[in-house]
Amino acid sequence: MTDRSARSPFISTVLTLVWRDIVAEYRSREIVGGGAVFALLALVVFNFAIDFRQDTAEDVAPGILWIGFAFAGMLGFGRSFAGERERGTLDGLLLAPVDRGAIYLARAITNTLLMGVVELVSLPIFVGLYNVSVAWGALLLTTALGTIGFSGAGTLVAAIASNTRAREVLLPLLLLPLTVPVLIASVKASALAMGARPVEQLPWTQLLLGFDVIVIAASFLVFEYVLDPS
């Protein structure tokens, strides 16, 4: 059993905020429900719209998969800070003696977990619909790394956009160019995972890992200035 007294105040704050966000999402099911419906709808529509052949499915299907994941994730990011501002709870959180970096990490972890739930629901349906063979270990690793990087950047951009009136437009305009490297790497690594080519997948996996470290470290350092209204 973990000794809570042995945790640093920073880690305890992050875990408390993550638990608070998960409980709020469990009660509303707003982000996971909307994201799952959007991702599944995208997979079904593309499956009927494109005439797949067995020899081309592994080249096209990963792009469709990550289109669904990316837009489902953006639905959640858009609500992560905008909802807090509408309810006034973000102002209360900022007035509390809480490290701004802890707020960022907690929200990034929550967004990653919620996006991960949507992906775990979507992946088996994707494999069944598109009839592709996958190396599950490699595909899950790629999905996890891609989701961490996308959520890390999305959390920062969502905080920036929440300060503006045109937040719904500004979020995708800022986020998609910023996350082009992680989306391309995720699509390439997923395609190789579906072809069971782990050696060729390694450079893309390393790129994803490097992007995750850089984007989370940079976002952690600048998050205090993003939330400061002055």
Side-chain angles (χ1 to χ4, degrees), residues 18 21-22 25 31-47 52 57-77 80 105 107-158 172 175-176 178-216 219:
V18 170
D21 294 338
I22 290 176
E25 173 58 22
I31 295 176
V32 170
V37 169
F38 184 92
L40 294 177
L41 186 61
L43 294 179
V44 171
V45 168
F46 276 114
N47 184 57
F52 285 98
E58 292 179 358
D59 296 326
V60 180
I64 296 172
L65 179 68
W66 277 97
I67 286 175
F69 287 169
F71 281 91
M74 281 193 290
L75 286 178
F77 303 155
S80 61
L105 282 182
R107 189 51 57 92
I109 291 171
T110 303
N111 284 336
T112 301
L113 292 175
L114 297 181
M115 196 172 162
V117 172
V118 172
E119 291 164 349
L120 288 177
V121 172
S122 305
L123 277 175
I125 297 173
F126 164 79
V127 172
L129 276 176
Y130 291 85
N131 193 27
V132 291
S133 59
V134 300
W136 278 104
L139 182 60
L140 290 176
L141 175 63
T142 297
T143 303
L145 291 175
T147 302
I148 290 171
F150 194 72
S151 297
T155 301
L156 178 67
V157 174
L175 180 60
L176 290 177
L178 179 64
T179 54
V180 163
V182 73
L183 290 176
I184 291 176
S186 297
V187 170
K188 290 290 188 182
S190 297
L192 294 170
M194 292 175 192
R197 288 167 283 180
V199 175
E200 298 175 43
Q201 187 187 18
L202 186 59
W204 296 108
T205 304
Q206 292 172 331
L207 177 60
L208 284 173
L209 185 61
F211 183 91
D212 291 355
V213 172
I214 292 172
V215 77
I216 291 176
S219 300

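Note that the numbering runs from 1 along the sequence shown for the chain. We use all heavy atoms of the structure for the numbers below, so side chains are in, but hydrogens, waters and symmetry mates are not.
The main-chain N or O of Ile31 is found under 3.5 Å from a side-chain atom of Glu25 such that the two form a donor-acceptor pair. Between the side chain of Tyr130 and the backbone N or O of Leu43 there is at least one donor-acceptor pair closer than 3.5 Å.
Outside the 6.0 Å centre-distance limit, the rings of Phe46 and Phe126 are not counted as a close aromatic pair.
Residues Thr205 and Leu145 share a closest heavy-atom pair of CG2-CD1, 3.6 Å. Minimum interatomic distance between Ala138 and Ala193 (heavy atoms only, all atoms of both residues): CB-CB, 3.9 Å. Between Gly149 and Val182 the shortest heavy-atom distance is CA-CG2, 4.4 Å. In this structure, Ser186 and Gly146 approach most closely via the heavy-atom pair OG-CA, 3.5 Å. The two residues Met194 and Pro62 come nearest to each other via the heavy atoms SD-CG, 3.6 Å. When all heavy atoms are compared, the tightest approach of Ala70 to Phe150 is O-CE2, 3.5 Å.
Looking at Leu105 and Ile216, their side chains come closer than 4.5 Å, going by heavy atoms from C-beta outward. Looking at Leu123 and Phe69, their side chains come closer than 4.5 Å, going by heavy atoms from C-beta outward. Looking at heavy atoms from C-beta onward, Asn111 lies in side-chain contact with Phe77 at the 4.5 angstrom threshold.
The distance from atom CD1 of Ile148 to atom OG1 of Thr143, rounded to the nearest 0.5 Å, is 11.0 Å. Within the model, atoms NZ of Lys188 and CG of Leu208 stand 13.0 Å from one another, a figure rounded to the nearest 0.5 Å. Distance CG/Leu207 to CD1/Ile184: 9.0 Å, rounded to 0.5 Å. With values rounded to the nearest 0.5 angstrom, Leu120 atom CG is found 11.5 Å from Ile125 atom CD1. Going from atom CG of Leu178 over to atom CG of Leu156 covers 8.0 Å, rounded to the nearest 0.5 Å. Atom CG of Leu65 sits about 11.0 Å away from atom CG of Leu129, to the nearest 0.5 Å.
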